[in-house]
There are 2 protein chains.
Amino acid sequence: MKHDLQIAETTCDGAQVLAALAALANPHRLRIVARLADGERHYVSQLAREIGISRPLLHLHMQKLLEAGLVTSRLELSDDGKALNYLELAPFHLSLTAESIRHCVKSLPAPGDTGE
Amino acid sequence: MKHDLQIAETTCDGAQVLAALAALANPHRLRIVARLADGERHYVSQLAREIGISRPLLHLHMQKLLEAGLVTSRLELSDDGKALNYLELAPFHLSLTAESIRHCVKSLPAPGDTGE
DNA sequence: TTCATGTGTAAGGTTTTTCTTACGCATGAA
DNA sequence: TTCATGCGTAAGAAAAACCTTACACATGAA
């Protein structure tokens, strides 16, 4: 069985939780995720039109979702030879509670720490 | 029975979800929440010392948590007459999935909309 | 070739967030 | 009074996020 990206439950990597939160804390990116969850397949130019934002802007937001691991991308060749970049949701479940936060904050680098 | 601030499950106010995400998407604020969940009571000057940040900085982050409704504050008078501002966690449960996001994005104002 | 489609990214400006320093005001104790 | 504690907030710098415009490259079709 394939597991979802279970965030903040058992694994509890503070940095990962933080990345997911930052990635989702934006209206455009929430809309992107929402679209990608509608059962259809979407490539980036198409998705940009659907959401009503420019392609470079979508690319920027897409990048954050990719880096957080919430979205994956796959380049495909269409029938007429165009290279289409299809986006897919990485199934995730972010479950946050004061208690779960208390737990996963322990794995956060200290305030002045650079993580080295 | 008193309910938690159930975010993104049934209520699904897009703006509220967004506010909660933005409020939590910061390492200092995660630490604040974590501290407030340790069972002790904390007033702001004390909390700032515990976390290791300046009081004005804590005040700033505190503000975001207050506005998102994740934290409440209550002014109390100590035995020696000082006014202490005690912070408390509003019990919350943020459960986010692609599907739940798809649902609550519907209640988000349109991209160019100012919400009026 | 020219056009319409797709891909990416760099440069620059605006806006927001983040943080520090410096105020001002109140209290009780020394 | 002076000091240590608590409270809040304003002003300005620094950093990060956000967004637009413009570029470069590829393909198939007209």
Side-chain angles (χ1 to χ4, degrees), chain A residues 15 18-32 41-68 71-88 108-115, chain B residues 15 18-32 41-68 71-88 108-115:
Chain A
L18 199 51
L21 283 169
L24 292 175
N26 176 283
H28 285 325
R29 295 198 285 272
L30 281 186
R31 278 190 210 98
I32 292 173
R41 305 188 70 213
H42 304 264
Y43 59 88
V44 322
S45 286
Q46 178 193 31
L47 184 57
R49 282 190 297 265
E50 289 171 354
I51 299 197
I53 64 178
S54 71
R55 193 171 51 79
L57 183 54
L58 173 61
H59 191 270
L60 182 134
H61 288 300
M62 185 183 98
Q63 214 60 34
K64 303 220 170 187
L65 292 168
L66 285 168
E67 282 160 16
V71 164
T72 58
S73 74
R74 192 167 27 146
L75 219 57
E76 284 185 30
L77 272 121
S78 67
D79 291 339
D80 59 348
K82 300 266 167 35
L84 306 184
N85 194 4
Y86 278 97
L87 301 181
E88 257 182 65
L108 267 188
D113 198 340
T114 56
Chain B
L18 200 50
L21 282 169
L24 293 175
N26 176 284
H28 285 326
R29 295 198 285 270
L30 281 186
R31 278 189 210 99
I32 292 172
R41 305 188 70 214
H42 304 263
Y43 60 89
V44 322
S45 286
Q46 177 194 30
L47 185 56
R49 282 190 297 266
E50 289 171 354
I51 300 198
I53 63 179
S54 71
R55 193 171 51 79
L57 184 54
L58 173 62
H59 191 271
L60 180 137
H61 288 300
M62 185 183 98
Q63 214 59 34
K64 303 219 169 191
L65 292 168
L66 285 168
E67 283 161 16
V71 164
T72 58
S73 74
R74 194 167 27 148
L75 219 57
E76 283 185 31
L77 272 121
S78 68
D79 290 341
D80 58 349
K82 300 265 164 39
L84 307 184
N85 194 5
Y86 279 97
L87 301 182
E88 256 182 62
L108 267 188
D113 198 342
T114 57

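Letters A, B, ... mirror the listed sequences (proteins, then strands); counts begin at 1. In what follows, every heavy atom counts, from backbone to side chain, and hydrogens, waters and symmetry copies are set aside.
Shown here for A/Ala25 and B/Ala25, the closest heavy-atom pair between the two residues is CB-CB, 4.3 Å. Closest of all the heavy-atom pairs between B/Leu87 and B/Ser73 is CD2-CB, 3.6 Å.
The listed nucleotides are C/dT20, C/dG28, D/dC19; the one nearest the side chain of B/Lys82 is C/dG28.
Atom CD1 in A/Ile53 sits roughly 10 Å away from atom C1' in D/dC19 (whole-Å rounding). Counting to the nearest Å, the P atom of C/dT18 and the CD1 atom of B/Ile51 are 15 Å from each other. Distance B/Leu84 CG to D/dG8 P: 10 Å, rounded to the nearest Å. Taking atom CZ of residue A/Arg74 and atom P of nucleotide C/dG8, one finds them 15 Å apart after rounding to whole Å. Whole-Å rounding puts the B/Leu30 CG to C/dT18 C1' distance at 15 Å. One can place CG of B/Asp80 at 18 Å from P of C/dA26, the figure rounded to the nearest angstrom. Note: CG (B/Leu66) to P (D/dT9) measures 11 Å, nearest angstrom. Rounded to an integer number of Å, the gap from CG of B/Leu65 to P of C/dT18 is 11 Å.
Between A/Asn26 and D/dC18 there is a side-chain N or O to OP1 or OP2 distance below 4.0 Å. Applying the 4.0 Å criterion to OP1 and OP2 of C/dG6, one finds that A/Asn85 has every side-chain N and O outside that range. Note on B/Lys64: a side-chain N or O is less than 4.0 Å away from OP1 or OP2 of C/dT18.
Heavy-atom nearest nucleotides on DNA chain D were determined for B/Gln46 and for A/Ala25, and the one closer to the 5' end corresponds to B/Gln46. Residue whose closest nucleotide on DNA chain C sits further toward the 5' end, between B/Asp79 and A/Val44: A/Val44. Remark on DNA chain D: of its neighbouring residues A/Gly81 and A/Arg29, the 5'-side contact belongs to A/Arg29, judged by nearest-heavy-atom nucleotide.
Between A/Ile32 atom CD1 and A/Leu24 atom CG the span is 10.5 Å, to the nearest 0.5 Å.
Between A/His59 and A/Arg55 the shortest side-chain heavy-atom distance does not fall below 4.5 Å. In this structure the side chain of A/Ile51 never reaches within 4.5 angstrom of the side chain of A/His42, judged on heavy atoms.
Within a heavy-atom distance below 4.0 Å of DNA chain D, the residues of residues 55-63 of chain A found are A/Pro56, A/Leu57, A/Leu60, A/His61.
The side-chain hydrogen bond (donor to acceptor under 3.5 Å, both in side chains) contacts involving residues 20-32 of chain B comprise B/His28-B/Arg31, B/Arg29-B/His61, where partners must be two or more places apart or lie in separate chains.
Partner B/Arg41 forms a side chain to side chain donor-acceptor pair (under 3.5 Å) with one of B/Glu76, B/Glu88, B/Gln46 and no other, that one being B/Glu76.
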